[in-house]
Participant: 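Attaching a single structure in structure tokens format; questions to follow.
Per chain, numbering begins at 1; letters A, B, ... match sequence-line order.
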Number of protein chains: 2
Amino acid sequence: MSNETPTSTATLPDTTPHPDDDLIRSGRDAAATRRALVRAARRRFATDGYRATTVRQIAADAGVNVALINRYFVSKEGLFEACMLRTSDELDTQTRTPHRPSDVAEVIDKLIEHVVNSPDGDDPLQLLLLLRSSGDENADRIRRRTMEHFTRQLAAAAGWRADDPQTAPILLRAQLAIATMLGVVMLRTSAAVHPVASASAHDLAEPLGQVFRALLAG
Amino acid sequence: MSNETPTSTATLPDTTPHPDDDLIRSGRDAAATRRALVRAARRRFATDGYRATTVRQIAADAGVNVALINRYFVSKEGLFEACMLRTSDELDTQTRTPHRPSDVAEVIDKLIEHVVNSPDGDDPLQLLLLLRSSGDENADRIRRRTMEHFTRQLAAAAGWRADDPQTAPILLRAQLAIATMLGVVMLRTSAAVHPVASASAHDLAEPLGQVFRALLAG
DNA sequence: TCGTGATGTAAGCAATCGCTGACTTGTCGA
DNA sequence: TCGACAAGTCAGCGATTGCTTACATCACGA
């Protein structure tokens with residue numbers, strides 16, 4: 001249990017409102033503190049799970065006093081819910097097809113890119129978070145809604161129409177593609193199983209592309 | 001939290017050594033007690049995760065006193081390790097290709113059957129357990145070894161040979177198939193995301209078959 | 001019949017968890 | 001300059017956790 005406490009950079013008088021200073025800030029900025037907490041919490045929740053991460057760990061990662069978690073997010077579950085909401089938002093803006101609908105090939109490339117960025121990237125952590133559960137009904141509802149929203153976006157790119165029952169199988173196929181993504185990211189990040197954990201982006205691109213095309217194209 | 005305590009059958013003088021009486025037994029049989037504990041523990045660990053399940057829950061599910069967990073398995077982690085070992089054994093005997101090697105179609109049908117049995121079946125719980133981690137090094141090593149052994153078995157059926165480096169990509173493809181299995185089971189069982197959680201076996205068979213064939217056949 | 005080891009039971013300890021309340025410190029407008 | 005409020009700190013509470021110890025009970029051979 002490497003409790004990596006920030007050694008240096010803890011006492012420097014950084015008063016400049018740097019826009020992306022998430023971990024390790026210097027105080028008196030509620031908004032920045034909240035962001036730092038969500039950022040640190042999401043990392044812990046995604047990698048270690050809800051129960052395994054303690055609020056003291058999160059606070060230490062963010063360089064913040066523990067009591068502030070309850071002040072800003074009421075409870076640990078409230079913080080988890082905030083993580084879910086932020087992930088839901090980011091995932092929505094990232095996966096929204098901006099211009100051309102039904103450009104399946106382009107969407108598939110995006111999916112592959114998300115997967116191969118694991119285990120080092122930050123995006124796959126968002127996906128992992130969607131698999132975590134706190135037992136809280138609110139957070140679980142957000143998670144389900146996010147996942148189903150993500151499914152509909154992907155399915156729409158593959159030709160699914162909400163008003164056409166004949167395209168219903170596409171919805172299921174899109175969700176199977178998401179399940180594949182989640183499974184691969186899980187094996188690469190959390191389980192660290194080889195060879196998939198050590199495979200390069202180039203190694204993964206071809207077989208993943210075949211899977212996604214088998215599910216979404218045609 | 002339905003704490004299903006055994007109502008009846010708890011006081012009957014069942015002295016017959018029934019071979020499969022796992023949950024709810026009547027005492028004075030150490031082997032049966034151990035089996036009941038492993039059975040109950042695996043269920044909890046697979047569905048709720050390691051940290052979220054308490055030894056008191058497991059003992060209650062098995063109808064056994066809490067102290068027996070430490071007596072028979074030393075610690076909670078020891079019980080988790082026993083669950084991993086049992087799952088590893090069962091998975092090994094189940095997936096071992098008995099007669100004909102390289103019969104890919106038959107193996108694929110087995111994989112599909114494993115997946116569609118979720119979320120009600122008991123087999124998918126074994127798979128879910130492989131995604132759980134206790135933080136214990138021993139259990140994690142067993143898990144990785146099991147997963148990689150499973151990968152090699154599946155890859156061998158698809159034409160992979162350990163002594164032929166040219167078939168190395170097949171190994172990765174087999175593991176991607178396993179990742180897909182795990183992802184789908186996760187979404188069906190733990191996350192309960194629709195439509196995949198409510199899809200019938202018939203709905204899943206076709207797209208899953210396409211995915212597995214894209215990865216393993218050819 | 002009785003004693004001995006195996007099996008099961010009950011109570012509680014030490015550690016850790018999330019969380020709270022009282023307090024201090026910094027910031028900023030009047 | 002100073003008061004008022006937000007932001008952050010600190011110590012500790014009640015509850016729960018895994019685990020241990022001492023005790024009770026059953027099976028079984030001499």
Side-chain angles (χ1 to χ4, degrees), chain A residues 1 3 5-6 10-11 13-17 21 24-37 40-41 44-45 48-83 134-136 139, chain B residues 1 3 5-6 10-11 13-17 21 24-37 40-41 44-45 48-83 134-136 139:
Chain A
M1 294 306 154
N3 214 350
T5 49
T11 54
D14 181 17
T15 54
T16 62
D21 54 340
I24 299 134
R25 327 138 306 96
S26 63
R28 300 285 158 184
D29 185 346
T33 299
R34 295 170 85 111
R35 269 184 283 120
L37 279 174
R44 288 282 187 181
F45 285 148
D48 302 339
Y50 179 78
R51 298 293 281 258
T53 72
T54 69
V55 290
R56 287 174 171 87
Q57 280 180 335
I58 298 172
D61 289 350
V64 150
N65 193 279
V66 205
L68 297 181
I69 289 181
N70 299 102
R71 178 194 292 275
Y72 291 136
F73 302 97
V74 181
S75 66
K76 182 188 181 185
E77 280 183 343
L79 177 55
F80 183 74
E81 195 177 316
C83 292
S134 70
D136 179 47
Chain B
M1 297 299 160
N3 215 348
T5 48
T11 55
D14 182 18
T15 54
T16 62
D21 55 340
I24 299 130
R25 327 136 306 96
S26 63
R28 298 286 158 183
D29 185 345
T33 300
R34 293 170 85 110
R35 270 184 283 120
L37 279 174
R44 287 282 187 182
F45 285 148
D48 301 340
Y50 179 79
R51 298 295 280 259
T53 72
T54 69
V55 291
R56 287 175 170 83
Q57 279 180 336
I58 297 172
D61 289 350
V64 150
N65 192 280
V66 205
L68 298 182
I69 289 180
N70 299 102
R71 178 194 290 276
Y72 290 135
F73 302 96
V74 181
S75 65
K76 182 188 179 183
E77 279 183 345
L79 177 56
F80 183 73
E81 196 176 315
C83 292
S134 70
D136 178 47

Participant: Can you sort out the partners of Asp48(A) under salt bridge (charged side-chain N to carboxylate O under 4.0 Å, His left out), two or more places apart, ordered by chain and number?
Facilitator: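 With neighbours one apart ignored, the set is Arg44(A).
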
Participant: Which pair of heavy atoms, one from Arg51(B) and one from Ala52(A), lies closest together, and at what distance?
Facilitator: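 Minimum heavy-atom separation between Arg51(B) and Ala52(A): CG-CB, 3.7 Å.
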
Participant: Go through residues 69-80 of chain A and report each residue with a non-hydrogen atom lying under 4.0 Å from DNA chain D, sorted by number.
Facilitator: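 Per residue number, the list reads Arg71(A), Tyr72(A).
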
Participant: Applying side chain to side chain contact (heavy atoms under 4.5 Å, CB included), name anything that partners Asn70(A), two or more places apart in sequence or on another chain.
Facilitator: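 For Asn70(A), no residue satisfies side chain to side chain contact (heavy atoms under 4.5 Å, CB included) once neighbours in sequence are set aside.
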
Participant: Counting only pairs under 3.5 Å, give me each side-chain donor-acceptor contact of residues 74-83 of chain A, with atom names and distances, residues two or more places apart or in other chains.
Facilitator:
residue	atom	partner	partner atom	Å
Ser75(A)	OG	Glu77(A)	N	3.4
Ser75(A)	OG	Gly78(A)	N	3.1
Lys76(A)	NZ	Tyr50(A)	O	3.0
Lys76(A)	NZ	Thr53(A)	O	2.9

Participant: Is the phosphate of dG8(C), meaning OP1 or OP2, less than 4.0 Å from a side-chain N or O of Thr33(B)?
Facilitator: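 Looking at the OP1 and OP2 atoms of dG8(C), one of them is under 4.0 Å from a side-chain N or O of Thr33(B).
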
Participant: In whole Å, what is the span from the CG atom of Leu37(A) to the P atom of dG18(C)?
Facilitator: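 After rounding, the gap between these two atoms is 14 Å.
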
Participant: Find which nucleotide of DNA chain C each of Tyr50(A) and Ala31(B) is nearest to by heavy atoms, and output the residue with the more 5' nucleotide.
Facilitator: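 Looking at DNA chain C, the more 5' nearest nucleotide goes with Ala31(B).
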
Participant: Rounded to the nearest Å, what distance is computed from the CD1 atom of residue Ile58(A) to the P atom of nucleotide dT16(C)?
Facilitator: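 From Ile58(A) CD1 to dT16(C) P: 18 Å.
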
Participant: Leu68(B) CG to dC26(D) C1': how many Å, rounded?
Facilitator: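 Interatomic distance, CG of Leu68(B) to C1' of dC26(D): 14 Å.
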
Participant: Apply side chain to side chain contact (heavy atoms under 4.5 Å, CB included) to Arg71(A) and list each qualifying residue two or more places apart in sequence or on a separate chain.
Facilitator: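 Result, side chain to side chain contact (heavy atoms under 4.5 Å, CB included) vs Arg71(A): Leu68(A).
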
Participant: Grab the two heavy atoms, one from Ala62(B) and one from Ala36(B), that are nearest each other, plus how far apart they are.
Facilitator: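 Heavy atoms of Ala62(B) and Ala36(B) come nearest at CB-O, 3.7 Å.
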
Participant: For Asp29(A) and dC5(D), give me the distance from atom CG to atom C1', rounded to whole Å.
Facilitator: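 Whole-Å distance recorded here is 16 Å.
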
Participant: Looking at the side chain of Asn65(B), which of dG8(D), dA10(C), dC10(D) is the nearest nucleotide?
Facilitator: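 Between dG8(D), dA10(C), dC10(D), the one nearest the side chain of Asn65(B) would be dA10(C).
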
Participant: To the nearest angstrom, how far is Arg34(A) atom CZ from dG8(D) atom C1'?
Facilitator: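 Atom CZ in Arg34(A) sits about 15 Å away from atom C1' in dG8(D).
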
Participant: Taking the side chain of Arg56(A) as heavy atoms from C-beta outward, which of dT20(C), dC17(C), dA7(D) is closest to it?
Facilitator: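 Nucleotide nearest to Arg56(A)'s side chain: dC17(C).
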
Participant: Starting the side chain at C-beta, find the nucleotide from dT9(C), dT7(C), dG18(C) nearest to Thr54(A).
Facilitator: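 Selected nucleotide: dG18(C).
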
Participant: Can you tell me how far CD1 of Ile69(A) sits from CZ of Arg34(A), rounded to the nearest 0.5 angstrom?
Facilitator: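 Reported value, rounded in 0.5 Å steps: 12.5 Å.
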
Participant: Dump the pairs, protein N or O against N or O of nucleotides 28-30 of chain C, anything under 3.5 Å, distances to one decimal.
Facilitator:
none

Participant: Starting at CG of Leu37(A), measure out to CZ of Phe73(A) and round the result to the nearest 0.5 Å.
Facilitator: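 Answer for the CG-CZ pair, Leu37(A) versus Phe73(A), is 5.5 Å.
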
Participant: What nucleotide among dT20(C), dG26(C), dG12(C) has an atom nearest to a side-chain atom of Arg28(A)?
Facilitator: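 When the side chain of Arg28(A) is considered, dG26(C) is the closest of dT20(C), dG26(C), dG12(C).
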
